[in-house]
Amino acid sequence: MSDFDFSVILDNLPFLIEGLGMTFLLTLLAIAGGLAIGTLLALARLSGFAPLAMVAAAYTNFFRSLPLILVIFWFYFLVPLILGRPVGGFYSVLVAFILFEAAYYSEIIRAGISSVRSGQVAAARALGMNYWQTMGDVVLPQAFRAMTPVLLTQAIILFQDTSLVYVVGLKDFLVSAELVANRDQRLVEMFTFAAAVYLVFCLLGSYAVRRLQQRFAT
Amino acid sequence: MIVLDKVSKRYGDFQVLTDCSTQVARSEVVVVCGPSGSGKSTLIKTVNGLEPFQGGTITVDGIDVGDPKTDLTRLRARIGMVFQNFELFPHMSVVQNIRVAQIKVLKRPEAEAHQKALALLDRVGLGEQAEKFPSQLSGGQQQRVAIARALAMDPIAMLFDEPTSALDPEMINEVLDVMQELAAEGMTMMVVTHEMGFARRVADRVIFMDEGRIVEDAETDQFFGTPRSDRAQLFLSKILHH
Ligand SMILES: Nc1ncnc2c1ncn2[C@@H]1O[C@H](COP(=O)(O)OP(=O)(O)OP(=O)(O)O)[C@@H](O)[C@H]1O
Ligand SMILES: [Mg+2]
């Protein structure tokens, strides 16, 4: 153990925190965007309007059958082509994450919406609420409450998956750790530290999921 | 006020309603009863367009419910409905439950909607419970909140679908009392219920349904005195002597 020098962590903390910031930023933006698009996809699938439902189903099944890393690559090369100018790794990766997560979220949200009793919709409609009011004020708030544990679990997976951005040269937490590790020849220390950080955040997330599940169970 | 003319409805091959015709005049209280599965809920839900129907016509206050051009949301805002399972919104407090449609649908200012909600809660005897959540109330209290929520829209008529059948016996009367008061004030009401005591006391007319048809439609005294159909007689004897 005497060979280990964990001071390398402290010395490079600002740099590592910057990387962690990137990881969190990507995770949060991807969750927000994924939820927004996922909700629309779920509503489309439940709309009862066949063409819309089919498009949404096709989208969902398509993205769920692709490995995330492929989607990331794909958008890295595709988005600049479509826009006709380079957009930088961050935006292409963000778009990839959002569209990929949306497919998974839409399935979760669809299940959540279906779990709301049909009588709730009838009650809202009977009060004269239109479709969007019924969804926005009555159904979705209840659906999201029921879904929170599952959504959080998905967020934990996403948090880990953001490490894939190394393939397009984005400096997230893991890449920062690796840079330090190689430069200072402290591979064991840095990767141990990186693992510990991921572990801590994921355990915190899992703990939150368990607490929420207990609360909703009562 | 409410006119049903030869209303028919199918679920696929299954005929739920067949040629149902009746009328509810202004300030009239009509009780609908009949065995389970006879189509009572379906019938009452066609009145505010919650259930579409294929044959016949329904008009409420002169508005054709079945006409595709009718703005159903606007019509529904003017017809109160109370459900067997209350269907209060569990994520909203009691007072929010009563406010939400006033604000969103009728575009009432929040303060006015709030005042109205509190006044109605007082009226159904729940003035103290405004900030509680539905899950903190008893069934009878929840159903009274549901009635207040419907009344907040200043409805021209009220529809009730078995408002007391999910309640413990000791809570039935607190709900029926509120309904009776409402009837006394001249509210037009259509009530699906098996509470024959309530029907006798409050209803002007009783409709008896069986297998999707209106088998009997009579003045209350006449219905309880000499029901014409055998099925209604059988139903009454079962329900009154259990
Ligand atoms: N969505 C549906 N699809 C198919 N059949 C249905 C549907 N809803 C109701 N039905 C059928 O229509 C018939 C009438 O149902 P309805 O709920 O109107 O009866 P009800 O008189 O209110 O009965 P209850 O006293 O049990 O409430 C029943 O046989 C029921 O099974
Ligand atoms: Mg029923």
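Chain letters run A, B, ... following the sequence lines, proteins first and then strands; every chain starts at 1. FYI, side chains are in, hydrogens and waters are out, and symmetry mates aren't considered; it's all heavy atoms of this structure.
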- Message: Among B:Leu88, B:Val82, B:Leu106, B:Leu72, which residue has the highest count of heavy-atom pairs closer than 4.5 Å to chain A?
- Response: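 The candidate making the most pairs under 4.5 Å is B:Leu88.
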- Message: Are there over 12 heavy-atom neighbours, none belonging to B:Phe133, within less than 6.0 Å of that residue's CZ?
- Response: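 Enclosed.
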- Message: Counting only heavy atoms not in A:Tyr166 (residues, nucleotides, ligands), do more than 12 fall under 6.0 Å from its OH?
- Response: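 Check fails, neighbour count at 12 or below.
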- Query: B:Leu50 versus chain A, heavy atoms under 4.5 Å apart: side chain, backbone, both or neither?
  - Reply: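 Contact with chain A involves the side chain of B:Leu50 alone.
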- Determine whether A:Leu127 and B:Phe89 make a side-chain contact, defined as any pair of heavy atoms from C-beta on separated by less than 4.5 Å.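 Yes. Closest side-chain heavy atoms under 4.5 Å.
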So between chain A and chain B, what donor-acceptor pairs come in under 3.5 Å?
{"residue": "A:Arg117", "atom": "NH2", "partner": "B:Glu87", "partner atom": "OE1", "Å": "2.8"}
{"residue": "A:Arg117", "atom": "NH2", "partner": "B:Glu87", "partner atom": "OE2", "Å": "3.1"}
{"residue": "A:Gln120", "atom": "N", "partner": "B:Glu87", "partner atom": "OE1", "Å": "3.4"}
{"residue": "A:Gln120", "atom": "NE2", "partner": "B:Glu87", "partner atom": "OE1", "Å": "3.1"}
{"residue": "A:Gln120", "atom": "NE2", "partner": "B:Leu88", "partner atom": "O", "Å": "2.9"}
{"residue": "A:Gln133", "atom": "NE2", "partner": "B:Lys104", "partner atom": "O", "Å": "3.1"}
{"residue": "A:Asp137", "atom": "O", "partner": "B:His91", "partner atom": "NE2", "Å": "2.8"}
{"residue": "A:Asp137", "atom": "OD1", "partner": "B:Lys104", "partner atom": "NZ", "Å": "3.0"}
{"residue": "A:Asp137", "atom": "OD2", "partner": "B:Lys104", "partner atom": "NZ", "Å": "3.1"}

